[in-house]
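The structure appears right after this line, and notes come after that.
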Amino acid sequence: MRAKAGWVATAGVVTALGVAALLRQELTARIRPPPPAAVTPVPLQPAAPHASPSAPSPRPPLTPPTRDGTGLAEVRVVSAQDQRPLAGAMVAIIREPVDLANPLESALTDEQGLARFPAALPGHFHLCARGAGHGEDCVPDVGLVAGGTITAHLALPPGATVTGQVLKLDGTPAQGVRLMARGERSVEKWMPTQAITDAQGHYRLDGVSPGPVYIHPFSHEGQGLGRDLDVKAGEEARLDIQFAGFTTVTVQPSRSRNRRWSRFKKSNNVDVIESVSVGVPLRRQDDGGWTGNVEVGSHTAHVSGVHGWSTLDGWKKVELAPGVPLSIKVPYDSNVHGVTIGPPHPPVPHYFELAGHVLMPDGTPAKGARISVMKPTQYWRGCSQSPRYFSQIRFEGSAFVVNPVMGTQTVHAWLDDGRAGSVTVTATEGQRVVADIRLEDTGAVVGHVDVTQEGTYVVGPRLNVDDWLYHPMSFRGADGRFIVAGLPPGDHFLTMEGSLDKRPFVIEGGARTDLGHLKADTLARTP
């Protein structure tokens, strides 16, 4: 089995949002964290009540961080080829789920290649950039608290350009059409490229990443169907678009008359319709229907959702004519195969808010820690070997605010030197919990493995440390460099997919042990 590179548990396979991004919107739209509710404070450790006169003065308690306010995000953008600052590059804050129908939260770089967001909303997001003649680069998984700061450095590779003209049904130029272009990515973050047509319907998408490009046009009449093409680095490709006309479509999802529904009579779960599309995504309405203005033609109305651990799916062929509204019911069925194992557990996750500070072993505030939060599982709870994936969120100061899935969760914090700590909390949906994480004098193992580019994916061997599957404090980059933090001082070993050999190594507290370049035939050698 081969693993894709990126933020992963060491034994995990990197999940690609290699961008079937519209599907990802449907998946992630249901797991947007809810707003925080009641506060359950966890006090900091008090100073000793009878400290001796010679003892140092106790530090004042740190104020629990919040997302109530704004912060500062600063991004410096340079060319990956010669490291010169890039002026006029577009930098965007990418928050999940990404909605192509909305403009980007963006800013342009100045002459020094610096873009600033002085009133950025706090949260967990990704920082990406594109520039004229340059493709995309991203720093994924950064965190910002109210009054805090986050910075990033992005080096943009060579890119391409797509130009063209957009026409209406009658052949006249379509002015004011917004085009969002996205490419395939080997990681879970991506930044659309955007452009607006002029009075003659012309557009120019600059800074397109080479490879397959998918262009989604949005006019005042509705969302047009996606168009695609392949571009090469340095190329100026052309794509002309003529709309076929638009009409309004309303879909009402409804259960089919299939007899398998009888098994759900005693279920405590309900049908959760997650997405409805007719060529393009529709919007959910208060009455349970889904509506949108759609470019006409032959389409398939598709409904998808979940009922507990069962998936729901339905479709119906439709023909759309310009200016002729359509309202239809689309029946859906459950896709149950066999009997669900493990206790009932709805796949729609619910979140709470955890806020606090990361402290060094001596109690001083730490800087630049990554907070490791387990992502919602898509597998049955009864399966002990189900993959566990973690968001590794970098905060600039000691303060952090994250959203774990409700219940009992262990949240880890770690530094690049290997020191790490954790806190285990239990909370209900929407609850706010305040708890600090004190680091211990652990260490890290680092090294480099060979990776290859296969299509749009970067793949490499799976790594295990001490037979620990899905380690919560691990990272492997697209260049094959890896780190596993939070290892206690002493003897450890590493194994690699495709080899039965174990590579022994020793960890010292607060230090990194570098294993260098690893291959399957070198694992047994003592470093």
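In what follows, every heavy atom counts, from backbone to side chain, and hydrogens, waters and symmetry copies are set aside. Quantities reported herein were computed from a predicted structural model and do not represent experimental measurements.
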Report task. Could you tell me which residues satisfy ring-ring contact (aromatic ring centres under 6.0 Å, His included) with F117, sequence neighbours excluded, listed by chain and number? Result ->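 Residues passing ring-ring contact (aromatic ring centres under 6.0 Å, His included) with F117: none at all.
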
Side chains of [X] and [Y], heavy atoms from C-beta outward: is any pair under 4.5 Å?
{"X": "L239", "Y": "V213", "answer": "no"}
{"X": "R394", "Y": "V139", "answer": "yes"}
{"X": "T311", "Y": "Y332", "answer": "no"}
{"X": "D479", "Y": "V451", "answer": "no"}
{"X": "V446", "Y": "R481", "answer": "no"}
{"X": "L104", "Y": "M180", "answer": "yes"}
{"X": "R370", "Y": "D416", "answer": "yes"}

Are side-chain N/O atoms of [X] and [Y] paired as donor and acceptor at under 3.5 Å?
{"X": "E74", "Y": "T149", "result": "no"}
{"X": "R76", "Y": "T151", "result": "no"}
{"X": "T248", "Y": "N293", "result": "yes"}

Are the side chain of [X] and the backbone N or O of [Y] linked by a donor-acceptor pair below 3.5 Å?
{"X": "R284", "Y": "I273", "answer": "yes"}
{"X": "S372", "Y": "H412", "answer": "no"}
{"X": "D137", "Y": "A129", "answer": "no"}
{"X": "Q194", "Y": "P103", "answer": "no"}
{"X": "S398", "Y": "K367", "answer": "no"}
{"X": "Q165", "Y": "T197", "answer": "no"}
{"X": "E96", "Y": "I94", "answer": "no"}

Query raised in the report: Would you call the rings of H124 and H126 parallel, tilted or perpendicular if under 30° counts as parallel and over 60° as perpendicular?
Result: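 Perpendicular.
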
Report task. State whether R182 and E136 are salt-bridged, where the test is any N-O pair (Lys NZ or Arg NE/NH1/NH2 against Asp/Glu carboxylate O) under 4.0 Å. Result ->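 Here R182 does not pair with E136 in a salt bridge, since their nearest N and O are not under 4.0 Å apart.
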
Query raised in the report: Should the pair E295-R227 be classified as a salt bridge under the 4.0 Å nitrogen-to-oxygen rule?
Result: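 Looking at R227 together with E295, the answer is yes, because their closest N to O distance falls below 4.0 Å.
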
Requested in this report: Supply the atom-to-atom distance R178 CZ to H216 NE2, rounded to the nearest 0.5 angstrom.
Outcome: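 It comes to 11.5 Å.
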
Query - Interatomic distance, L312 atom CG to S304 atom OG [nearest 0.5 angstrom] - result: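 One gets 8.5 Å once the value is rounded to the nearest 0.5 Å.
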
Requested in this report: Answer yes or no: are there more than 12 heavy-atom neighbours, outside D110 itself, under 6.0 Å from its atom CG?
Outcome: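 Result for CG/D110: enclosed.
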
Requested in this report: Kindly determine whether D313 and H302 satisfy side-chain hydrogen bond (donor to acceptor under 3.5 Å, both in side chains), including the steps that lead there.
Outcome: CA-CA 8 Å; D313 188 74; H302 183 250; 2.7 Å; yes

Query raised in the report: Can a cation-pi geometry be assigned to R476 and F482, taking NZ or CZ under 6.0 Å from the six-membered ring centre and within 45° of the ring axis?
Result: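 So R476 doesn't make the cation-pi contact.
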
Query raised in the report: Applying the side-chain contact (heavy atoms from CB on, under 4.5 Å) test to F400, which of I393, V358, V373 qualifies?
Result: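 That would be V358.
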
